[in-house]
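Okay, so here's the structure we're looking at.
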Amino acid sequence: MKKYNFNAGPSILPREVIEATAAACLDFNGSGLSLMEISHRAKDFQPVVDEAVALFKELLNIPEGYSVLFLGGGASLEFCMVPFNFLEKKAAYLNTGVWAKKAIKEAKAFGEVVEVASSADTTYSYIPKGYEIPADADYFHITTNNTIYGTEIREDLDSPVPMIADMSSDIFSRPIDVSKYICIYGGAQKNLSMAGLTFVIVKDEAVGKVSRYIPTMLNYQTHIDGGSMFNTPPVVPIYCALQNLKWIKAHGGVEAMDKRAHERAELLYAEIDRNKLFRGTVEKEDRSVMNICFVMNDEYKDLEADFMKFATERGMVGIKGHRSVGGFRASCYNAMDIEGVQALVDCMQEFEKLH
Ligand SMILES: *Cc1c(COP(=O)(O)O)cnc(C)c1O
């Protein structure tokens with residue numbers, strides 16, 4: 001039976017990307033050695049990093065003066081690296097979920113943190129609007145896609161101060177105006193590569209402005225200077241990222257990924273809104289096109305486990321909602337074909353007919 005991978009992360013990758021990475025793990029570039037057993041400084045590997053950085057910049061149309069870094073530690077380490085490197089006195093944060101909250105917690109160790117708005121009152125079912133960003137903040141931090149709740153800020157906001165964004169779960173799903181940000185980061189395991197890699201886009205001239213000592217490995221300057229090779233980077237996930245960047249380019253770039261994402265999301269949300277058994281969990285205008293959350297309508301609540309079993313038997317994988325929201329979550333990252341979403345919609349319709 002064909003499996004449809006709706007996992008939230010680590011998550012679906014194009015088959016070609018997995019096959020190319022697996023092949024390099026057996027024999028890298030015809031060298032007779034595995035990608036896993038060569039030096040990151042081998043002359044064959046440097047072009048992998050160079051090409052990945054170049055494609056990353058090309059696909060996102062990143063302006064001059066920015067560096068792309070490939071690091072370890074996940075988005076979670078960036079929650080601390082960001083304030084370490086950029087927070088001198090005060091920073092503004094938008095609280096749109098668990099990940100935003102974790103970023104806020106770390107920032108508080110470095111200076112004053114202004115939480116400009118929060119949607120915690122409704123389990124983060126909407127994106128706050130109409131808040132004020134202090135003009136004397138060093139930066140304004142947002143989480144563009146709230147993976148757990150299924151809300152998304154799918155535009156580049158206006159801000160009186162430079163922005164920093166956690167784009168773990170929607171990077172490469174739409175064009176971004178990178179010039180509005182001094183830093184964009186994320187774990188690669190949602191929409192870019194396998195687990196073990198963190199990407200950081202950083203504006204070079206924004207680094208080095210804080211007065212504190214920054215430990216070498218946590219200082220962005222170290223990794224800008226070292227071209228992500230100050231120490232051993234995650235070699236296999238970088239190779240996998242390169243294969244995926246090539247796949248994105250071959251499939252029309254981020255504009256095409258944006259179109260695919262909207263087609264998938266429209267199909268699934270239309271069914272959630274139509275089907276008497278289900279309802280969405282967040283404000284319609286803030287719905288994520290990447291992580292689509294839904295629950296059983298109140299009068300059908302006791303059918304939840306039945307639907308999970310029904311869908312699992314038909315090849316749906318990873319549709320269980322996060323424990324804080326319950327119900328279901330279909331994560332539809334770049335590699336998810338419309339066919340997969342159609343299969344889920346078919347499941348929902350067949351199940352409705354039984355009840
Ligand atoms: C998954 C996720 C994280 C955590 O990423 P790690 O790489 O596991 O640290 C942070 N932010 C968002 C938005 C996420 O989806």
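No hydrogens, no waters, no symmetry mates; every other heavy atom, side chains included, goes into these values. Indexing begins at 1, ligand by ligand and atom by atom, following the structure's order.
- Judged by distance alone, the side chain of Asp27 and the main-chain N or O of Gly32 form a donor-acceptor pair under 3.5 Å.
- Among protein heavy atoms, the minimum distance from atom 14 (C) of ligand 1 is reached at Lys190 NZ, 2.9 Å.
- At the shortest separation from atom 11 (N) of ligand 1 among protein heavy atoms lies Asp166 OD2, 2.6 Å.
- Between the side chain of Lys249 and the backbone N or O of Leu59, no donor-acceptor pair lies under 3.5 Å.
- Residue Gln189 approaches ligand 1 through these ligand atoms, each under 4.0 Å from one of its heavy atoms: 5 (O), 6 (P), 7 (O), 8 (O).
- Annotation for ligand 1: atoms under 4.0 Å from non-hydrogen atoms of Asn145 are 13 (C).
- With a 4.0 Å heavy-atom cut-off, ligand 1 is reached by the backbone of Ser76 and by its side chain too.
- Here is the list of ligand 1 atoms found below 4.0 Å of a heavy atom in Gly74: 7 (O), 9 (O).
- Inclusion of Thr147 in the set of residues having an N or O under 3.5 Å from an N or O of ligand 1 is warranted.
- For the pair Arg287 and Asp273, the salt-bridge criterion is met [side-chain N within less than 4.0 Å of a carboxylate O].
- Counting heavy atoms from C-beta on, the side chains of Asp170 and Tyr333 never come closer than 4.5 Å.
- Using a 4.0 Å cut-off between charged side-chain N and carboxylate O, Glu255 and Lys259 make no salt bridge.
- By the criterion of a heavy-atom distance under 4.0 Å, neither the backbone nor the side chain of Lys102 is placed next to ligand 1.
- The closest donor-acceptor contact from the side chain of Glu352 to the backbone of Lys276 lies under 3.5 Å.
- Arg314 forms a cation-pi arrangement with Phe310, by the criterion of a distance under 6.0 Å to the ring centre and an angle within 45° of the ring axis.
- The Gly187 neighbourhood of ligand 1 comprises atoms 7 (O), with distances under 4.0 Å to a heavy atom of that residue.
- The atoms of ligand 1 that sit less than 4.0 Å from any heavy atom of Thr143 are 13 (C).
- A donor-acceptor distance shorter than 3.5 angstrom exists from the side chain of Lys129 to the backbone of Ile127, with no hydrogens or angles considered.
- For atom 5 (O) of ligand 1, the nearest protein heavy atom (residue, atom name, distance) is Ala75 CB, 3.5 Å.
- Ligand 1 has no nitrogen or oxygen under 3.5 angstrom from a nitrogen or oxygen of Phe79.
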